[in-house]
Amino acid sequence: MAYTGHGRYTENDPPTFAVVSSDDPIASAYVMEKRITCLKQAGIPTAFHVYHHAGHGFGTGKGTDAENWMDLAVHFWQEQINKSISNRNN
């Protein structure tokens, strides 16, 4: 998953990569931070990146401080895929 503000989760949730902006007038970065903390405590792999000048719905982040978020996401998800393959082979 890339982004979700849902309050419910289980230990079976997928690895989660979250990106938010602290100046988002609609979705609070705090809500996502709280969720990511809960997911981590449940043992779910997570990555959380807070940008400060990207607003809401920043897409690729072009022209904002979130411009590299997709590279970070690809790296995170590739790590998760590699771990999954390694675990299956062991």
Side-chain angles (χ1 to χ4, degrees):
M1 298 188 65
Y3 176 90
T4 179
H6 300 289
R8 289 187 275 175
Y9 64 91
T10 72
E11 289 81 17
N12 296 320
D13 272 25
T16 300
F17 180 92
V19 291
V20 295
S21 184
S22 64
D23 68 347
D24 186 332
I26 297 171
S28 167
Y30 172 75
V31 171
M32 182 53 71
E33 182 178 26
K34 188 174 161 185
R35 177 176 174 76
I36 291 296
T37 298
C38 290
L39 292 173
K40 275 186 183 179
Q41 290 172 347
I44 297 165
T46 65
F48 181 54
H49 299 273
V50 179
Y51 298 100
H52 302 287
H53 306 289
H56 182 78
F58 51 83
T60 63
K62 186 172 181 172
T64 74
D65 62 337
E67 202 160 314
N68 73 334
W69 81 264
M70 290 195 314
D71 294 332
L72 297 171
V74 169
H75 179 75
F76 173 80
W77 287 321
Q78 189 62 55
E79 282 182 338
Q80 302 314 307
I81 291 167
N82 291 343
K83 286 178 187 176
S84 177
I85 290 169
S86 177
N87 289 340
R88 275 188 279 180
N89 291 333
N90 288 329

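- With sequence neighbours excluded, no residue forms a side-chain hydrogen bond (donor to acceptor under 3.5 Å, both in side chains) with Q41.
- Taking each heavy atom of A42 and Y9 in turn, the nearest pair found is CB-CE1, 4.0 Å.
- Considering all non-hydrogen atoms of both residues, D65 and Y51 come closest at O-CD2, 3.1 Å.
- When every heavy atom of R35 is checked against every heavy atom of D13, the shortest pair comes out as NH2-OD2, 3.1 Å.
- Across every non-hydrogen atom of F58 and V20, the tightest pair is CE2-C, 4.1 Å.
- When the side-chain contact (heavy atoms from CB on, under 4.5 Å) test is applied to S86, the partners found at least two apart in sequence or on another chain are N90.
- The backbone N or O of G59 sits less than 3.5 Å from a side-chain atom of W69, completing a donor-acceptor pair.
- Of the inter-residue distances, the one linking N68 atom CG with K62 atom NZ reads 14.5 Å to the nearest 0.5 angstrom.
- In this structure, I85 belongs to a hydrophobic cluster whose other members, linked by side-chain heavy atoms under 4.5 Å apart, are I81.
- In terms of the side-chain hydrogen bond (donor to acceptor under 3.5 Å, both in side chains) criterion, residue partners of D23 (sequence neighbours excluded) are, by chain and number, S21.
- Of all the heavy atoms in D24 and I26, the pair that sits closest is OD1-N, 2.7 Å.
- The side-chain contact (heavy atoms from CB on, under 4.5 Å) search around K40 returns I36, T46, not counting sequence neighbours.
- H52 is linked by a side-chain hydrogen bond (donor to acceptor under 3.5 Å, both in side chains) to S22, counting only residues two or more places apart in sequence or in another chain.
- Residues satisfying the ring pair (Phe, Tyr, Trp, His ring centres under 6.0 Å) test with H49, not counting sequence neighbours, are F17.
- Among residues two or more places apart in sequence or in another chain, the side-chain hydrogen bond (donor to acceptor under 3.5 Å, both in side chains) test is passed with E67 by none.
- Remark: F48 CZ to L39 CG distance equals 11.0 Å, nearest 0.5 Å.
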If you apply the rule side-chain contact (heavy atoms from CB on, under 4.5 Å), what do you find for M70 with T60, and how did you get there? CA-CA 7 Å; M70 290 195 314; T60 63; 3.7 Å; yes
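- Applying the side-chain contact (heavy atoms from CB on, under 4.5 Å) criterion to Q80, with sequence neighbours excluded, gives P15, P45, F76, K83.
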